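One structure below.
Just so it is clear, the structure is predicted and the values come from calculations on it, not from any experiment. Along the sequence shown, residues are numbered consecutively beginning with 1.
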Amino acid sequence: MLPNKKHQDAGRSIFMSSVQGLANTLAVVVTFFGAPPLYSKSVGWIQSFTTQHYGYGFEDITSIIWGCTCAALIFFISRASISTALVMGGLAVATRFL
């Protein structure tokens, strides 16, 4: 019996969508715990930089934008790292059993 190409592609698609979902979920958790420390340690410097180079009155909007930037940085870096690690780990397990 010959293997069905569509069946193999469906199995890979399910695996990859599961990896993507797991990576997104773990990235949200990492962002929840990682963004506040990054923000609190850097927001003072960012506000000082903004005041020195752009004048007074931009500190509030800068802190809001910097908070969103910190969250996005942590999320996308952790998602890329976790996704890569999961795919490499899955490939390592698959090659071990093949």
Side-chain angles (χ1 to χ4, degrees):
M1 183 171 186
L2 296 172
N4 189 353
K5 177 76 170 142
K6 289 182 181 181
H7 186 64
Q8 289 176 347
D9 291 343
R12 285 189 196 127
S13 175
I14 290 171
F15 173 75
M16 290 308 292
S17 65
S18 296
V19 165
Q20 184 179 8
L22 181 59
N24 286 337
T25 303
L26 292 175
V28 167
V29 171
V30 170
T31 302
F32 179 79
F33 290 110
L38 176 65
Y39 175 79
S40 65
K41 293 189 186 303
S42 61
V43 71
W45 182 83
I46 294 295
Q47 286 178 329
S48 174
F49 179 86
T50 303
T51 302
Q52 291 173 2
H53 295 283
Y54 299 105
Y56 295 100
F58 293 108
E59 293 87 3
D60 292 336
I61 190 69
T62 301
S63 66
I64 292 169
I65 292 171
W66 184 245
C68 294
T69 302
C70 287
L73 281 170
I74 297 292
F75 176 78
F76 288 113
I77 290 171
S78 64
R79 184 175 72 171
S81 302
I82 291 167
S83 179
T84 302
L86 288 172
V87 168
M88 291 300 147
L91 289 174
V93 169
T95 58
R96 183 167 179 99
F97 289 117
L98 291 179

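Considering every non-hydrogen atom in both T50 and F58, the closest pair reads CG2-CB, 3.8 Å. Between T51 and Y56, the shortest heavy-atom distance links the atoms CG2-CE2, 3.2 Å.
When atom types are taken as modelled, the side chain of S40 and the backbone of P36 share a donor-acceptor pair closer than 3.5 angstrom. Within the 3.5 Å criterion, the main-chain N or O of D60 finds a donor-acceptor partner in the side chain of S63. No donor-acceptor pair under 3.5 Å is formed between the side chain of E59 and the backbone N or O of Q47.
V43 and F49 fall within a single hydrophobic cluster, where Ile, Leu, Val, Met, Phe, Trp and Tyr are joined by side-chain heavy atoms under 4.5 Å apart, directly or via other members. The same ILVMFWY cluster, assembled from side-chain heavy atoms under 4.5 Å apart, contains both Y54 and W45. Linking Ile, Leu, Val, Met, Phe, Trp and Tyr residues whenever their side-chain heavy atoms come within less than 4.5 Å places L22 and I74 in a single cluster. Residues I46 and L38 fall into different hydrophobic clusters, defined by Ile, Leu, Val, Met, Phe, Trp and Tyr side chains chained together at heavy-atom separations under 4.5 Å. Side-chain heavy atoms closer than 4.5 Å link hydrophobic residues (I, L, V, M, F, W, Y) into clusters, and following such links, possibly through other members, connects M16 to I82.
Taking OG of S81 as the reference point, atom CG of L26 lies at 12.0 Å (rounded to 0.5 Å). The CG atom of L73 sits 11.5 Å away from atom SG of C68, with the distance rounded to the nearest 0.5 Å.
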